[in-house]
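So the structure is just underneath, and the comments pick up after that.
On a predicted model such as this, the values are computed, not experimentally measured, just so you know. Both ligands and their constituent atoms are indexed starting at 1 by order of listing. Throughout, numbering of the chain's residues begins at 1 and tracks the sequence.
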Amino acid sequence: MNIKCVCIALVALTGGFYACDSKKETDAFDPKVTELLSQMTLEEKAGQLNFVVGDLFTTGPDGKPKAPDYLDEAIKKGEVTGIFNIYGAEYTQTLQKKAVEESRLGIPLLIGADIIHGLKTIMPIPLAEAASWDLEAIELGSRVAARESAAAGINLTFAPMVDISRDARWGRNAEGAGEDTYLGSLIAAARVRGFQGSDLSLANTIAACVKHFAAYGAAEAGRDYNTVDMSDIALRETYLPPFKAAIDAGAASIMTSFNELNGVPASGNEYLLQDILRKEWGFEGLVISDWQSISEMMFHGYSKDSIEATIQGINAGTELDMMADLYLSFLPQLVREGKVSEAVLDRAVGHILQLKVDLGLFDNPYLYSDPAVEAKEIRSAENLEAAFEIARRSIVLLKNEKQTLPVKSTVKRIAVIGPLGDNQADMNGTWSFFAEALHPISFLEGIKAYAGPGVEVTYAQGCNLYDNSTEHFAAARAAAQRADLVILAIGESAVMNGEGASRSDITLPGIQQELVNQIAAVGKPTVALVSSGRALALTELEAKVDAILATWTLGSQAGKAVASVLFGEYNPAGKLPVTFPRSVGQVPIYYNHKNTGRPFEGDFSSQKLEDRVYRSRYRDVDNSPLYPFGYGLSYTTFEYSQPVLNQTSLTDDSPITVTVKVSNTGDRDGEEVVQLYTRDLIGSLTRPVKELKGFQKIHLKAGESRDISFELKASDLAFWRADGTYGYEPGDFKLMIGGNSRDTQEAVFSIPNP
Ligand code: GLC
């Protein structure tokens, strides 16, 4: 019986079928890996699958930061493959030295970290960067994060997070790229390129870990870690493509998600980890669990005990155990008892060792731990400039009436009011554990710097972030009374979004809307800077202020970026990557929805009988969102011509070229994101009313017009069809082009029957 049969037979007996050809698998590894595998004891192999948090902070329950003496002993014994959420060239150098010189086999350590949007130079949160629709800027943001992290001894980041979400109640919207699969896929690839560069073995590149696999953003009711249940079509249409894009871009690793998918927790889900990830996609990288997600299969009610969770996890293909302490504890014995095949263990250990080879760690374990490089790289002028540029590109102008913005030269007294106005720490945003609280430029500081000496800028807190005290209202009203212009700085603090930060109410937190109402009543021109890690329901705010900028959380250069936009140095061009609802009752709400059999797009106030009943609508709120996906204003205006098609029949070898003339009809130069959407009118499965299929971010001088063309291929219209295959279908289509998903110019075309 050859090795393959033995492997399959043994694994089949253990109840976890895991087709593997250990000979082929281990042969697929670098000779260094194969050689090490042949020397390692079962305990050392299990140790290479044990990934533990360092002694700085924890990012999950029950985890205690690992005391330094624990780490020293575990490293010497070869009981840890790496340590995460630590940093520092010197510190990591001592840890690597201990591993290389004091453990039996001298295997270097993986040093991981949640570098989601920067180490010390903090970029805007990923949702903000997505609002830039600027793939180069997004890649640069990840490049800067990689350079700083690698200089500080880190060689793996738990990013990009590519979870699509259509539910603003979920706090982790902040970490992703929004609701759209097409945009999210392009951003996923850009981030991987930014982190990994062209060669993982270089000293300024780090391994990416695309997460959380899979469909974590579809948690029921937007409640973190909650159940996910969906059709295979929905999974493949919406949630999987960004992972595939990251893997096609070369992502070195992937992280399993906390949620169950259709009854099976992701960390024990063979359909995800074997059938899709390994067999369909051919992924050969490393699979890392999320924090204790293997042991949490017991809480899910999927594993009866730690032993079963261990067997299910390793056999499904979850290879590194993050903080569950199961693999180190049980795998050696389970292999000895024949309950887990050593081939399965070898494949997992092979993947982690291969990553360490690819990172260059065996050639030079101190590659990433050079204090001189660290001193030069951390918060360099170049990195801070990149953060500034990316931040101002991320700002979205949602409202600007009476030409309130940019700030006029006649404005001599500005009152900055609100709990986020003179606030540095919250500008770092969620997932910025390594950031310094007092590094960011606050809104107040940035506004003062741009306003110049002739303008009085005052500050009033207005209210607190975490209580409903009205004690500061009077001072805020007085400040507004004295001002020519009021700039409100309101919204979410850094901890009000991110992991474990779901909210059932997505209006302005606490008493902030009451503060807005108080200030609005004073009657001065008022601008709102809205900080958030998600779409908020701003209906009440919208009615009270003259202008609104979605500032998300902008990072180290927040105040400078906001002031650059407020004073017109930079004309805002951001576009929403998420739909902003009128109320949380509309959630989930997203642009690429289905039409239903009783669509209603009419006027909410219509009292016509046919509009009031038997239509897919609410009685108390319009179907439409407050601000649609892709929406964002400019200080100038743009006009679109009717789309012109070179042909109206699309075939595989004869793509359509569609052209629109875009004109800057205002008096300022500006950028516009020209967006192309299509609709497949009839399908073997129903199709969304529109889907983003392309975009181009262009710059037009005042008065300038330009023809913008897109090429549309038949394969661009492929989808998961009723027969379970992926491809396009003949029939009639619409295409729509515009500056957002709502206000578009249309044309029609068809794919002929073969
Ligand atoms: C957390 C997060 C994950 C993160 C990991 C390590 O629980 O879910 O995104 O990378 O633990 O900190």
Side-chain angles (χ1 to χ4, degrees), residues 50-66 80-87 110-119 125-127 142 145 149 154-165 170-177 188 191-192 195 206-219 222-226 228 242-243 246 251-261 265-267 286-297 299-300 318-325 429-435 494-495 497-502 533:
N50 187 35
F51 204 11
V52 298
V53 71
D55 51 3
L56 273 183
F57 57 87
T58 62
T59 53
D62 309 334
K64 291 171 285 305
K66 296 294 182 189
V80 289
T81 193
I83 297 159
F84 64 93
N85 285 338
I86 56 171
Y87 76 106
L110 207 54
I111 305 290
D114 286 293
I115 305 299
I116 310 303
H117 55 111
L119 178 83
I125 54 172
L127 187 62
S142 298
S149 303
I154 293 162
N155 48 48
L156 167 82
T157 178
F158 303 126
M161 185 276 217
V162 302
D163 300 309
I164 296 294
S165 175
W170 192 50
R172 301 197 77 166
N173 274 280
E175 305 166 49
R191 291 192 189 287
V192 170
F195 289 129
I206 58 177
C209 177
V210 59
K211 67 187 185 182
H212 305 80
F213 195 59
Y216 180 31
R223 201 177 79 228
D224 211 348
Y225 319 120
N226 204 1
V228 174
F243 288 95
S253 63
I254 191 166
M255 183 187 289
T256 61
S257 57
F258 290 118
N259 57 284
E260 66 167 68
L261 175 65
S267 299
L286 177 66
V287 179
I288 303 175
S289 83
D290 203 336
W291 180 289
Q292 294 178 347
S293 62
I294 299 170
S295 51
E296 288 179 5
M297 292 200 284
F299 295 121
H300 278 286
T318 298
E319 295 174 318
L320 281 208
D321 171 359
M322 181 191 283
M323 294 302 292
D325 287 345
T430 186
W431 287 103
S432 57
F433 290 105
F434 304 100
V495 297
N497 52 72
E499 183 175 355
S502 297

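Contact shell of ligand 1 (protein heavy atoms, cutoff 4.0 Å): T59, F84, N85, D114, F158, R172, K211, H212, M255, F258, D290, W291, M322, W431, E499.
Contacts of W170 classified as side chain to side chain donor-acceptor pair (under 3.5 Å), with partners at least two apart in sequence or in another chain: D224. Residues that satisfy the side chain to side chain donor-acceptor pair (under 3.5 Å) test with S149, not counting sequence neighbours, are absent from this structure. The ring pair (Phe, Tyr, Trp, His ring centres under 6.0 Å) check on F195 picks up nothing, with sequence neighbours excluded.
Checking I83, L110, D321 one by one against F51, the side-chain contact (heavy atoms from CB on, under 4.5 Å) holds for a single residue, L110. Screening V53, T59, D55 for a side-chain contact (heavy atoms from CB on, under 4.5 Å) with F57, the sole residue that qualifies is T59.
Relative orientation of the F434 and Y87 rings is perpendicular, given thresholds of 30° and 60° on the angle between their planes.
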